[in-house]
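Proteins come first, then strands; the chains are lettered A, B, ... in the order of their sequence lines, and each starts at number 1.
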Protein chains: 2
Amino acid sequence: MKTRVNRSSLSQQAIDLLREQIYDHRLMPGQRLDEAVLAEQLGISRTPLREALKVLSAEGLVDLQPHRGCFVTELTLRDLEEIFPIMATLEGRVAHEVAAKRTAAQLKALDALHEKLEKHAAAGDVNRYYETNYVFHDQLQECAGNRWLQIVIGDLRKLLKLSRHHSLRLEGRLSASLAEHRALMQALHRQDADAAEQVMRGHLLAQLEALRELSLANEVVHG
Amino acid sequence: MKTRVNRSSLSQQAIDLLREQIYDHRLMPGQRLDEAVLAEQLGISRTPLREALKVLSAEGLVDLQPHRGCFVTELTLRDLEEIFPIMATLEGRVAHEVAAKRTAAQLKALDALHEKLEKHAAAGDVNRYYETNYVFHDQLQECAGNRWLQIVIGDLRKLLKLSRHHSLRLEGRLSASLAEHRALMQALHRQDADAAEQVMRGHLLAQLEALRELSLANEVVHG
DNA sequence: CTCCGGTATGTTGTATACAAAATATCGTAT
DNA sequence: ATACGATATTTTGTATACAACATACCGGAG
């Protein structure tokens with residue numbers, strides 16, 4: 001018995017579902033998406049599916065080639081090399097803003113999230129650390145109070161989620177990440193905006209460096 | 001006789017046309033877009049039109065409310081207050097990069113564009129100055145060689161074009177803008193990356209300040 | 001007169017059928 | 001045997017018809 005009535009449109013549901021499937025690589029980068037097949041799998045017609053693909057294309061998650069078909073976007077290392085510095089700049093700005101104008105309540109909330117990070121790191125639980133880290137950055141952007149900055153960063157983050165590799169997978173990266181978070185929290189407590197910005201930039205660029213190393217290791221194995 | 005065969009899809013044509021109409025305010029901010037009416041005007045069916053609206057919605061040019069309708073986005077002064085600092089940061093980064101690694105040929109091309117700016121400013125031709133200024137910034141981003149940075153800045157610029165006001169309309173802003181461009185060119189010649197970044201940030205924030213003043217003047221008149 | 005509810009109308013959302021374009025297949029000629 | 005080209009097939013792009021939802025209008029009760 002279907003108690004839950006689906007409130008949102010089929011195209012919106014398709015967007016959400018496909019995004020998720022792209023993120024966890026059930027739909028693999030480079031894979032071709034046949035409209036008829038996909039529509040059948042989702043149990044909807046091609047009309048709302050095509051609208052969904054247009055949106056995902058605008059987000060950069062798929063590549064929509066006229067009269068040729070739709071393909072899941074493949075991020076190259078070069079893309080990562082370009083995107084991470086932008087993220088570093090933008091998130092650095094967020095950290096700067098928050099350090100300057102955070103309230104006591106906001107700081108408390110961030111402290112609580114940081115505590116979770118400490119705990120998951122101690123337990124060696126990479127997945128939970130990753131999730132909490134995501135929430136932490138999100139919360140920080142919320143504190144910055146710039147809606148458009150949040151949107152831009154969010155858009156880029158969507159793209160980065162296309163990458164198959166997680167920097168936390170690299171040996172030693174987890175503890176390094178935690179150390180960077182500690183430094184950030186200290187800067188926020190001191191209301192040292194410049195330091196917070198610097199730490200955040202370093203945090204993002206360190207992730208890129210980790211991905212570089214992982215990429216190299218991968219090449220050695222596969223290529 | 002129609003020699004030119006329209007190669008691109010109707011939905012793509014609709015995207016381009018609507019974007020243009022939104023930019024030059026034939027479609028005004030806040031205006032409701034009735035699918036049936038619009039489709040009739042464009043001489044196409046609702047199917048490709050709806051796909052176009054989805055894309056424009058993802059770009060932020062229209063607001064697509066489920067079951068309610070589609071509305072041209074209205075940018076508030078607050079939006080501008082949020083977006084310009086981001087642009088300042090990103091374009092500042094572009095200036096930094098270009099100053100650091102520009103080639104002689106690139107510098108020459110930029111010089112040529114700057115000369116045009118000087119000419120149009122001297123002639124008091126605001127429209128041509130505006131256009132050339134656009135090309136100049138675009139060229140600069142090209143020189144930076146970061147594709148994603150270009151995309152992000154481009155997305156934000158699309159949004160800013162929604163604004164009805166142009167900062168150059170403000171008394172004295174044209175000459176100030178030119179002065180800032182001169183300072184930028186000098187920094188690029190000197191390969192002074194930090195100075196270039198600073199100048200560019202200031203350039204963008206000065207535009208915001210001009211818009212603030214225009215907005216105030218407008219309130220006095222209308223409100 | 002105001003407020004509530006039901007019906008009517010119009011607009012958005014979806015499915016299906018058809019057109020056009022690209023790709024694959026197969027036969028023929030060199 | 002290979003390369004070229006015409007035809008067949010598949011897939012994308014578009015139009016139309018229908019369903020679902022939201023709103024506006026109208027009538028009646030309090």
When the distance from [atom1] of [X] to [atom2] of [N] is rounded to whole Å, what number comes out?
X	N	atom1	atom2	answer
A/Q65	D/dT11	CD	P	16 Å
A/D63	D/dT12	CG	C1'	15 Å
A/E40	D/dT11	CD	C1'	15 Å
B/L38	C/dT11	CG	C1'	14 Å

According to the salt bridge (charged side-chain N to carboxylate O under 4.0 Å, His left out) rule, which pairs have a member within [range], sequence neighbours left out?
range	result
residues 139-153 of chain A	A/R147-B/D79
residues 62-78 of chain A	A/R78-A/E82
residues 127-140 of chain A	A/D125-A/R128

Check your understanding: If the sugar-phosphate is the primed atoms plus P, OP1 and OP2 and the base is the rest, what is the B/S/- string for nucleotides 5-10 of chain D, using protein heavy atoms under 4.0 Å?
Key -> ------
Revision key, fill the gap. Scoring nucleotides 14-23 of chain C by protein non-hydrogen atoms under 4.0 Å (B base, S sugar-phosphate only, - none) yields BBB----SSS
Practice item. Give one of base, sugar-phosphate or nothing for A/L64, where a contact means two heavy atoms less than 4.0 Å apart. Key: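 Counting heavy atoms under 4.0 Å across all strands, no contact is made by A/L64.
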Practice item. Could I get the full list of side-chain contact (heavy atoms from CB on, under 4.5 Å) partners for B/E213, not counting sequence neighbours? Key: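 Listed in chain order: B/L170, B/E209.
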Review point. Who are the side-chain contact (heavy atoms from CB on, under 4.5 Å) partners of B/V126, not counting sequence neighbours?
Key: B/L168, B/R169
Check your understanding: Which pairs, with at least one residue in residues 38-64 of chain B and sequence neighbours excluded, count as a ring-ring contact (aromatic ring centres under 6.0 Å, His included)?
Key ->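 Qualifying pairs, neighbours excluded: none.
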Review point. Which residue pairs pass the side-chain hydrogen bond (donor to acceptor under 3.5 Å, both in side chains) test when at least one of the two sits in residues 40-49 of chain A, sequence neighbours left out?
Key: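 Qualifying pairs, neighbours excluded: A/E35-A/R46.
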Point to revise | Option among B/L27, B/L56, B/V55, B/L162 that satisfies the side chain to side chain contact (heavy atoms under 4.5 Å, CB included) test with B/V62 | key: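 Considering B/L27, B/L56, B/V55, B/L162, a side chain to side chain contact (heavy atoms under 4.5 Å, CB included) with B/V62 is found only for B/L56.
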